[in-house]
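Inspection log for the structure reproduced underneath, given as structure tokens.
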Amino acid sequence: MLSRAIILLIAGQKYLAALGSLRIISWAILFSIMAWLFSDCVLIVVKRETLILRNTVMVALLKVGLNLVLIPLLSDQGGGNKHSDCRT
């Protein structure tokens with residue numbers, strides 16, 4: 001697939017083990033763009049900056065907690081799953 005070609009182009013043959021992580025994290029881009037649109041184009045316009053701050057703090061704490069649990073269990077795949085699940 002395209003992820004294999006991207007890794008070979010950018011990093012080389014020795015990083016092919018990162019294919020699974022790249023596939024997981026690439027889905028996070030979609031959620032990240034939707035979160036940006038909602039926060040910057042909706043919530044700021046209606047003067048709800050405090051909601052953005054609260055959500056950002058909650059997601060940061062959730063990411064740290066999931067890192068502590070998932071990365072020792074699942075290695076880099078756990079980090080990728082955490083990243084794609086935690087979007088503000």
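Numbering of residues begins at 1 and proceeds along the displayed sequence.
Using a 4.5 Å cut-off between side-chain heavy atoms of Ile, Leu, Val, Met, Phe, Trp and Tyr, with links allowed through other members, Ile7 and Ile10 fall into the same hydrophobic cluster. Hydrophobic cluster membership is shared by Leu37 and Ile29, with clusters built from Ile, Leu, Val, Met, Phe, Trp and Tyr side chains linked at under 4.5 angstrom. Leu16 and Leu2 fall within a single hydrophobic cluster, where Ile, Leu, Val, Met, Phe, Trp and Tyr side chains are chained together by heavy-atom contacts under 4.5 Å.
The backbone N or O of Ala28 lies less than 3.5 Å from no partner atom in the side chain of Ser32, so there is not a single donor-acceptor pair.
For the side chain to side chain contact (heavy atoms under 4.5 Å, CB included) with Arg54, the qualifying choice from Thr50, Leu51, Val57 is Leu51, the only one to do so.
The side chain to side chain contact (heavy atoms under 4.5 Å, CB included) check on Leu9 picks up nothing, with sequence neighbours excluded. For Ser3, the side chain to side chain contact (heavy atoms under 4.5 Å, CB included) partners two or more places apart in sequence, or in a different chain, are Met1, Leu19, Leu22, Arg23.
The two residues Asp40 and Ile44 come nearest to each other via the heavy atoms OD1-CD1, 3.7 Å.
The side-chain heavy atoms of Glu49 and Leu53, taken from C-beta on, include no pair separated by under 4.5 Å.
Taking CG of Leu43 as the start and CD1 of Ile52 as the end, the distance is 5.0 Å to the nearest 0.5 Å. The CZ atom of Phe38 lies 8.5 Å from the CG atom of Asn55; values are rounded to the nearest 0.5 Å.
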